[in-house]
Amino acid sequence: ILELLNAAADKNREMIDLYTSRRQKWTADPGEARREAMKLLAEIEQHYANGLEPPRTPYGPILIKVERAAIDPLTNKNRRTLADRAESLRFQLTSLSIGQPAPEIAGLDAFGHNLKLSDQRGKVTVLMFSFKGCGPCEAMYPGNRKLVELYRHRPFAFLGVMGDEDVATVKEAVDSGTITWPVWWDGVRPGTIANRWNVVGWPDIYLLDHRGNIRYTELTSDLLEIAVARLIKETEASTK
């Protein structure tokens with residue numbers, strides 16, 4: 001992210017200073033941190049596998065209390081077991097890190113057509129997890145449409161995983177032109193794909209290079225635009 005911000009250093013000076021201070025404060029050895037995380041996940045699975053994830057809470061201040069019901073009273077959805085959450089976290093640590101090949105996503109899109117992430121190999125690919133009603137998600141849509149149009153005839157693809165409650169809202173967004181990229185409907189959040197990819201904050205963004213490797217994650221619209229341009233330039237240079 002610092003590398004991308006430095007592409008327009010004067011404009012991004014405040015963010016550069018923020019990320020630089022965070023990096024200095026929170027720097028840790030990635031390998032050691034990952035080993036410690038895997039050890040803790042194993043302990044959770046051994047001792048607390050059947051426990052339920054913490055329920056969602058409204059914005060505070062609130063009174064914290066023990067909640068044992070299987071249904072989350074705020075979201076009215078089943079609370080996942082800690083074993084399930086641990087497995088998602090393990091998958092993220094082992095398969096979704098920068099530089100790793102992105103795991104396959106394959107299935108029917110929102111309109112019943114076959115859609116595979118690996119079919120985009122050879123193209124710079126954005127993968128976005130979003131849903132209708134997510135303000136930060138929908139705020140990115142105009143920028144997404146701009147990217148799709150700008151790189152229509154270049155080695156570029158944009159795919160979405162939608163966590164809408166109903167597939168009808170996904171189809172409506174596509175039919176109206178709000179979404180101009182192919183999307184899977186993943187069902188009620190967290191759906192099968194989102195759960196596997198450990199999506200806990202929406203939107204969640206992955207940017208893959210033309211080899212299918214994860215190069216960037218969690219980018220804002222401005223940084224996504226810079227990163228896409230950089231990877232497309234890299235892709236086109238490698239094929240000359």
Side-chain angles (χ1 to χ4, degrees), residues 1 3-12 15 98 102 104-164 166-186 193-194 197 199 201-240:
I1 290 177
E3 184 181 337
L4 294 176
L5 289 169
N6 276 306
D10 292 339
K11 174 185 175 183
N12 298 316
M15 291 297 293
I98 301 295
E104 179 67 285
I105 299 177
L108 300 179
D109 68 9
F111 293 87
H113 306 126
N114 288 317
L115 183 61
K116 291 179 65 177
L117 179 59
S118 61
D119 283 346
Q120 313 309 317
R121 198 65 53 84
K123 302 177 182 178
V124 175
T125 303
V126 177
L127 177 67
M128 178 179 186
F129 291 82
S130 64
F131 65 92
K132 181 178 176 61
C134 167
C137 303
E138 295 179 344
M140 293 188 68
Y141 288 177
N144 297 349
R145 293 194 296 269
K146 176 183 174 183
L147 287 175
V148 171
E149 186 59 35
L150 181 63
Y151 296 112
R152 184 173 298 280
H153 303 295
R154 308 278 288 278
F156 177 71
F158 201 115
L159 301 177
V161 179
M162 306 301 297
D164 293 43
D166 195 316
V167 69
T169 62
V170 181
K171 292 180 178 180
E172 179 183 352
V174 174
D175 290 339
S176 68
T178 300
I179 290 176
T180 58
W181 50 93
V183 293
W184 292 276
W185 177 55
D186 198 30
I193 303 172
W197 285 58
V199 178
W202 302 71
D204 205 355
I205 305 287
Y206 287 87
L207 179 57
L208 318 182
D209 63 21
H210 65 287
R211 300 180 183 87
N213 296 323
I214 299 170
R215 294 287 292 274
Y216 298 96
T217 62
E218 301 180 17
L219 298 175
T220 61
S221 290
D222 289 347
L223 292 180
L224 181 60
E225 186 175 341
I226 296 171
V228 167
R230 178 171 295 189
L231 290 186
I232 286 181
K233 182 178 180 180
E234 177 185 302
T235 299
E236 293 177 336
S238 71
T239 58
K240 288 183 179 179

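Sequence positions, counted from 1, serve as the residue numbers for this chain. Given the structure is predicted, the values throughout are model-derived calculations rather than measurements.
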Expected output: side-chain [X] to main-chain [Y] donor-acceptor under 3.5 Å:
| X | Y | answer |
| --- | --- | --- |
| W202 | C137 | no |
| E138 | G133 | yes |
| E104 | S118 | yes |
| D164 | D166 | no |
| D186 | I193 | yes |

Say you draw a straight line from [atom1] of [X] to [atom2] of [Y]; how long is it, rounded to the nearest 0.5 Å?
| X | Y | atom1 | atom2 | answer |
| --- | --- | --- | --- | --- |
| L108 | W185 | CG | CH2 | 12.0 Å |
| D222 | M140 | CG | CE | 9.5 Å |
| N144 | I179 | CG | CD1 | 9.0 Å |
| K123 | F158 | NZ | CZ | 14.0 Å |
| I205 | T220 | CD1 | OG1 | 9.5 Å |
| L4 | M15 | CG | CE | 11.5 Å |

Can R215 and R230 be said to form a side chain to side chain contact (heavy atoms under 4.5 Å, CB included), step by step? CA-CA 11 Å; R215 294 287 292 274; R230 178 171 295 189; over 6 Å; no

Verify side chain to side chain contact (heavy atoms under 4.5 Å, CB included) between T178 and R145, making sure each step is shown before the conclusion. CA-CA 8 Å; T178 300; R145 293 194 296 269; 4.1 Å; yes

Return the minimal non-hydrogen interatomic distance between [X] and [Y], and the atom names on each side.
| X | Y | result |
| --- | --- | --- |
| W184 | L115 | NE1-O, 3.2 Å |
| V170 | A110 | CG1-CB, 3.7 Å |
| V126 | L224 | CG2-CD1, 4.0 Å |

Is there a side-chain contact between [X] and [Y] in this structure, where contact means two heavy atoms from C-beta onward sitting under 4.5 Å apart?
| X | Y | value |
| --- | --- | --- |
| L208 | L117 | yes |
| K11 | L5 | no |
| T235 | D209 | no |
| Y216 | L223 | no |
| W197 | V161 | no |
| L150 | F156 | no |
| P155 | H210 | no |
| T125 | Y206 | no |

Are E218 and D204 close enough, and set up right, to give a side chain to side chain contact (heavy atoms under 4.5 Å, CB included), and what steps lead you there? CA-CA 6 Å; E218 301 180 17; D204 205 355; 4.1 Å; yes

Is E234 atom CD crowded by more than 12 heavy atoms from other residues, nucleotides or ligands, each under 6.0 Å away?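 It does: E234 CD has more than 12 such atoms within range.
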
